[in-house]
Structures are given as structure tokens and as C-alpha cells.
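Here's the structure we're looking at; comments come further down.
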Protein chains: 2
Amino acid sequence: MTRGTGRSGNTAAPRSVDVARLAGVSQKTVSRVFNDEQYVSAEVRRRVLEAAEELGYRRNNAARALASGRTRSIGVVTLGTALYGPASLLMGVERVVRDTGYALRVVNTMEGDPAGMAGAVDSLLDQGVDGIVISEPIDEEGAAGGDGSTSLRLDIPVLVLGAPSPAAAPLVLTAGDGADLMAHTATEHLLNLGHLTVHHLAGPQRWFAARDRLEGWRATLTAHGRPVPPVVEGDWSAASGYRAGRELAENSDVTAVFAANDDMAIGLIRALVEAGLRVPEDVSVVGFDDIPVAAYVTPPLTTVRQPFDAVAQEGLKRLVHAIENPSAAPLPSSPPPVDLIVRSSTAPPPSRTTPARGGRTAARSRGGAHHPPLPNGGPSTHH
Amino acid sequence: MTRGTGRSGNTAAPRSVDVARLAGVSQKTVSRVFNDEQYVSAEVRRRVLEAAEELGYRRNNAARALASGRTRSIGVVTLGTALYGPASLLMGVERVVRDTGYALRVVNTMEGDPAGMAGAVDSLLDQGVDGIVISEPIDEEGAAGGDGSTSLRLDIPVLVLGAPSPAAAPLVLTAGDGADLMAHTATEHLLNLGHLTVHHLAGPQRWFAARDRLEGWRATLTAHGRPVPPVVEGDWSAASGYRAGRELAENSDVTAVFAANDDMAIGLIRALVEAGLRVPEDVSVVGFDDIPVAAYVTPPLTTVRQPFDAVAQEGLKRLVHAIENPSAAPLPSSPPPVDLIVRSSTAPPPSRTTPARGGRTAARSRGGAHHPPLPNGGPSTHH
DNA sequence: GTGAAAGCGCTAACAG
DNA sequence: CTGTTAGCGCTTTCAC
């Protein structure tokens, strides 16, 4: 008697035929109303809606999917991390997916996962999705067309976020792969400040995003005819940035560093400061992402803000279009804006005469365990 | 035309009956094999698997769900933020959900969303899920039993993460609601260091998690017979922590602050330092979460680490049990471990004699324009 | 504008 | 151990 809402209760959930009966129409008409089809009189529509409301009717999605062949859901493959970038992207994707009337299925690829991305995509295919979003993929054996083809016979549209397409599908779209441009902006900012060259603290090179940033940086230096210093590679973590910082601190040629993300930049800065160097007076640092705390660390971080929401929205719009218009040409992509946030971790290089080097060495040798907060950092140099 | 199962393009997707035919068995046997049911001879099983492989067969989930009444998927409602806590929890949930053989459907509640959590849950119900996880819920009108009951007639098990149960369902489980204990640990750490009392920079009080932490803090002070200072409320952001810090910096009674998350703690520290105070010499600060950069900011942050993965795993295990054993008693919950990470942002209070106060004022007035940003923030502003 | 039939591909009882 | 017979609740034709 009690009409449960859910589908799995002891009391049977109402079906469209129950609604039809109550409204005095055919079951098909109920279906018409719920699908917003035309050719239903306003009067009938009202009666149906009323009956549905009374019964607490709710369409059974499984039946819908089975009958129509469309699941009305989109799957997203993410790297199971809580890293700010990937997490932001995922949130952006969810928003847009829901707005477009689709449901979202999520699957992670843990780094080191044997099945990897192929397994994740496969699981999505098993679940049944109309389209797939691959967020910030990383390189893996078998991920692309290689042996992985076993399970990656996709025949639904795919959107790759933050990387060139790694998968072979009938329709592969990409979005948010403009990291090189952003890296260019960051690097150029440093060059414009007067630095002779810029060092790069890269992300793990298995990540497309990391390689993109590195390429943007390298290309910029080359274009300006500057030397390209050796790259230090981190793993996105502040810890790895810290380690890189200790290394970089020993090299007195380093006056500017472009870090591939903010976490590493923060770790890097800490190492530099502990080594007796001042940021930005001795070394300028630019980060990437603009994480929430970026403006509040010491010193506030100059960084490149990634337009996650814009990227997700733009990409999804095209994916949905591809899903719903299989034969039509894909929508054109529009590049996301580049947004350099200049704060206080960047400044002109120290005076170019020898003293700089001397001062630095001195600082380093005395650079014991300063900290908690650098009582020195204060009375600033550049006015 | 009739066949397209969404996943298949030109060639119709193979169905179990196709596999059956090729393997020379009945369709039901194929079903048995794929469901790992017993009573199938190894020989038959092998033949079926082989045929399936050859055809590229893949079960149709919609049909499965329709026939069985179980969707084999779990829905999770999250706040659409990339905040470290919620994001970590989500990743943890995904991992466990997949491990248990379920699929994950995700829906966000944007803060300020009119439909709010009720809408999110409703959407999950529409999609069809066997259980729901509500991650870090916040207070909303209509969220609980109130008027929201319209759409929140749940009859599937629910797991609430990081809060006492806000929803009325046949079976509501909770996990990760031990924030008060952790807050207790943090507060006591400060007290043990010799601080007379501890101030609290709280999270937005609409969040259960924020209220929990506040309660734990308050209870601890009370238990120790210490005065309970007024609470400053932030919004989890470093910016709000910064604002709170400027306020707190004016009060010379403040020697220890427990911030409800690390982001706010970082903003807070920045404000204190800009005001000429030293952390931890003048003021100790404890954060909450242990975000990745916590160990690398200046000074490295003493904080409470939340065991997100453990919480997710423990909670999901119980949720899945409840889904699969509707009548059985729910599994008992085990409290997550408390993990205080002591780094360098906490220390004994400044000497308790009057000088402390004087020294502080002096420090503040001489504070000058430390730090690049806000050339104003530092000196004199507040006299 | 509306309705009646016929499946979608699978699982769920029951037979053998 | 294996097969048969019914549906699950909806969307599709195609009539009316």
C-alpha cells in the first residue's frame, strides 16, 4: 500500500503503467509526457504529472537504457589523486555533465595500477556509458593503441583533457592541452624581469601535462636565444620540490625557476630559504595552478592559473555534441585563456656583478636552520 | 537499427545468446559463467569464455539491472569543491567502491545550489543506485527530514561521511565523524605546551565537520578548566584565515590557535607574520588535514592528519554489507585513528611575565613591511 | 493526438 | 550440471 519511492524496497516501486492507470491514459502516453515529446494535450499532460506525483513515480533508468540503447551517462577516468589540478578538473566536469542532463560515472587509475587506464576505460565500457572523458592521462604501456588495443576497442566518442589524444576511438576530442602556452607565459615573465635564463622544475614526465609545460618552457628559452639549463624532475609533491630546491640552491647560476605546479614551487622555496637564499631577491619562482593557498604562502606565489572550469565546459560541450550528433562534424575547439597571476615570488635577478655570487655563497655557508619564519626576509630590497 | 546498444557501432554488439550459440550451450549457461555461479563444468566454462572473447562480448548492464533490480552502483554526493579534504575522501571512496565491484556515480552539490543536497540525492535516485554516500554534508533547509522530505524518501542504505546522519533512510550509517576527538588532540597538544588557553579559527558552521571540530576544542578547554575565547569563523579558505589572523594579531592574549583546516592555518600564519609576530615563538598554530604542502610552508605546520582512506574504506565496507544483506544487522563501526603531526608551528608560549605583552607590541610596531605583498598590512595600520 | 503490440538483453525461478 | 520459460519497465514501431 505504501508506495515506496525507491526501486529496491519491499514495496514495489510504481511503474509507468501504474501512473497510466491512475491518470486514465495509456502507458505510452506517460512515456510521452516524461520524454517531453510533442503531441500530448496539455490536459492529459497535467493529469499524468499529477498521477505521477501522487504515486511518487520515478522512471526506471535501467529499463530506459535497455530499450533505447542509450545510457545517458558519461564516464570519466581520473588519476585517483587529490591533487588540486585533477580534482578541480573533475569538479568542473561533474558540473557540466549534470547540466547537460547526463549522469557521471567515475573511475580512477591508481598510479602503478597494473590494469591502468585500459582497465579503467574497460570498466566504464562495462558499466555502459555514452561517452568517455579521460582527464590528464599519463603514459602507460598499452594505454594507447599498443597491446592495450585488446580492451580499448572504443566506439564511443572520447574527450581527452589536458593532453593530446592517447586513445584510438571513432571520435577523439581534446581540450585543455594548452599548457605549453601557459608555460611560455610564465617563462617569458621571468625573462622580461631580466633573468638571463630560467630553470625548470618539471613534473613527472609520464604526464602529458608535465611534458607540455616543459616543452613550452624550452621553446620559450630557445626562441629568446637563452641557454636551456638541465631540467630537474619532481613528482608534483612539495617534498619533491624541496629536494629539487636543495639541489638548485647549490648552483649559483640559478636566479629564476619555473615550477610545473604550485606544490613543488612551495617545497622549492622552502629549500631555497633554508639554504639562506631569499625569494624573490636571490631567486624568483613561478608556480603553476594557483592553488588556494598560493596567495598566502611566504612569499605569495606568482603562478599561472589554469581555467579548469572553462576547459571542462568547453570540452564537454563538444563531447555531448558528438554523442548526440554522431554523424555531424565535431564542434571546433576554442583555446582557454592564459592567466598569469603576478604576486611576490618573482623579481628582477640580483645585481649581475660578482657580488651576487659571493653573497650567495656566504649565505649558504651560514645557512643553518633558520626558521620558523625568516626574521630576515623583511625589509625588502626592491622598492 | 534495432540492435544498437550504444556501445556498438555499425556491427551490432554481441549478446549473450550469440556467445551461447557459438559455444554450443544455452544462453543461461553463458549467464552462469559470467556471474561466476557454481555448477558449470570447467570445460563448458572454458568454451563460453573463449566464445565470448572471440566475439568481444560484454554484458549489457542495463539489462542486468532491469532484470535483477540491482544496479550494482553506488552514488556519492559531494560538495563540488576541490578542497583537499572532500577531494581526498572522494578518491578514497572511488577506490573502495571499485574494489567491491560496484560502479560509482557522482553528483555535486554546489554551495548555494537551490536544489541542494536534496536535489543531488534525487538525481542519484533517478539514475538508479543501490546505496548512497553523502560526503561531508552541510546544513541546508530541507536537507534532512524537513520539507525536503518531498524528494528524500530514501529506501536504500545511506552512508554519511564526516557528520552525524542528516537524512532519514531505512539504514543510515556514519563514518569519519570523529573530528571532535582529533580537535581534542590538537587542543590538548597546545595546552600541554603550556598555553593558558587556545583560540579557535573555525570552519563555516554550516558544515558538520566544522561544528565537530569546534565542539572538540571547546570541550577540551572546558575539561581543563580553561577559559573559552570567542571563536573566529572562516570559510576554509586561506583568505579567510588571513583575515582572521589580522584580527587575532591585535589581541595579545592570543598565544595559540587551532585552525579547523590547513588552508586557514596558512593564511592565519601569514597575517600573524605580517603583523610582526613570530610563529611559533609568539603564537603557536595547529592546522587540520595535513595537506601535501603542510610540511613545506613556513614554518612547517603542526597539524592533525585525517585518515581519509581508512574512513572511506571502513564506511563503504559497512554500506556494501548493508546493501547486500538488507536484513542483517549493520556491521559495527570502528573509530579511525587520530594522528597528530607535530612540526614547527607550535612551541611553548612566550614567557608568561609581562614582557611578553610588551615585546609583542614592540614587535608589531616595528613590524615594518615584511613581505612583498600588502605594503600596508604590516606597519602601524592598527595602532 | 493517442494506443497496442513487440521487443531491448538479461536474470530468476523452476524443471530436467 | 544444464536448459526452459517468464518477465524486469521502458521505448519503439506502427496502427487508429
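Here is the naming used below: chain letters follow the sequence lines, and residue numbers restart at 1 for every chain.
- Residue A/Ser41 places its side chain closer to C/dT2 than to any other of D/dC10, C/dT2, C/dA12.
- Nearest nucleotide to the A/Val44 side chain, out of D/dC8, D/dC10, C/dT2: C/dT2.
- For the pair B/Leu66 CG and D/dG9 C1', the interatomic distance rounds to 6 Å; values are reported in whole Å.
- Residue A/Arg64 contributes atom CZ, which lies 18 Å from atom C1' of C/dG9 at whole-angstrom precision.
- In this structure, the side chain of B/Arg15 does not engage the main chain of B/Tyr57 through any donor-acceptor pair within 3.5 Å.
- Following rounding to the nearest Å, A/Asn35 (CG) and D/dT12 (P) show an atom-to-atom distance of 8 Å.
- Separating the OH atom of A/Tyr39 from the P atom of D/dC14 is a distance of 17 Å, rounded to the nearest angstrom.
- Distances shown here put a side-chain N or O of B/Ser26 below 4.0 Å from the OP1 or OP2 atom of D/dG3.
- Taking atom NZ of residue A/Lys28 and atom P of nucleotide D/dG9, one finds them 18 Å apart after rounding to whole Å.
- When the side-chain nitrogen and oxygen atoms of B/Ser16 are compared with OP1 and OP2 of C/dG9, none of them lie within a distance under 4.0 Å.
- Heavy-atom distances to DNA chain D give each of B/Gly24 and A/Ala63 a nearest nucleotide, and the one nearer the 5′ end belongs to B/Gly24.
- Residue B/Ser31 places at least one side-chain N or O under 4.0 Å from the OP1 or OP2 atom of C/dT11.
- Taking atom CG on B/Asn60 and atom C1' on C/dT11, their separation rounds to 12 Å, with Å as the unit.
- Judged by distance alone, the side chains of A/Ser123 and A/Gln127 do bring a donor and an acceptor atom under 3.5 Å apart.
- Contact check, B/Thr29 against D/dT2: no side-chain N or O comes under 4.0 Å of OP1 or OP2.
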Inset, instruction - List the steps and the verdict of side-chain contact (heavy atoms from CB on, under 4.5 Å) for B/Asn108 and A/Leu104. - result: CA-CA 10 Å; B/Asn108 286 347; A/Leu104 217 221; over 6 Å; no
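- For B/Arg32 and D/dT4, the CZ to P distance is 11 Å, given to the nearest whole Å.
- In this structure, CZ of B/Arg70 is placed 16 Å from P of D/dG9, rounded to the nearest angstrom.
- When heavy atoms are screened at a 4.0 angstrom cut-off, B/Gln27 is found touching base atoms of the nucleic acid.
- Among B/Leu319, B/Val320, B/Val172, the single residue meeting the side-chain contact (heavy atoms from CB on, under 4.5 Å) criterion with B/Leu159 is B/Leu319.
- With salt bridges taken as basic N to acidic carboxylate O contacts below 4.0 Å, none links A/Arg47 and A/Glu50.
- Using a 4.0 Å heavy-atom distance criterion, A/Phe34 is classed as making no nucleic acid contact.
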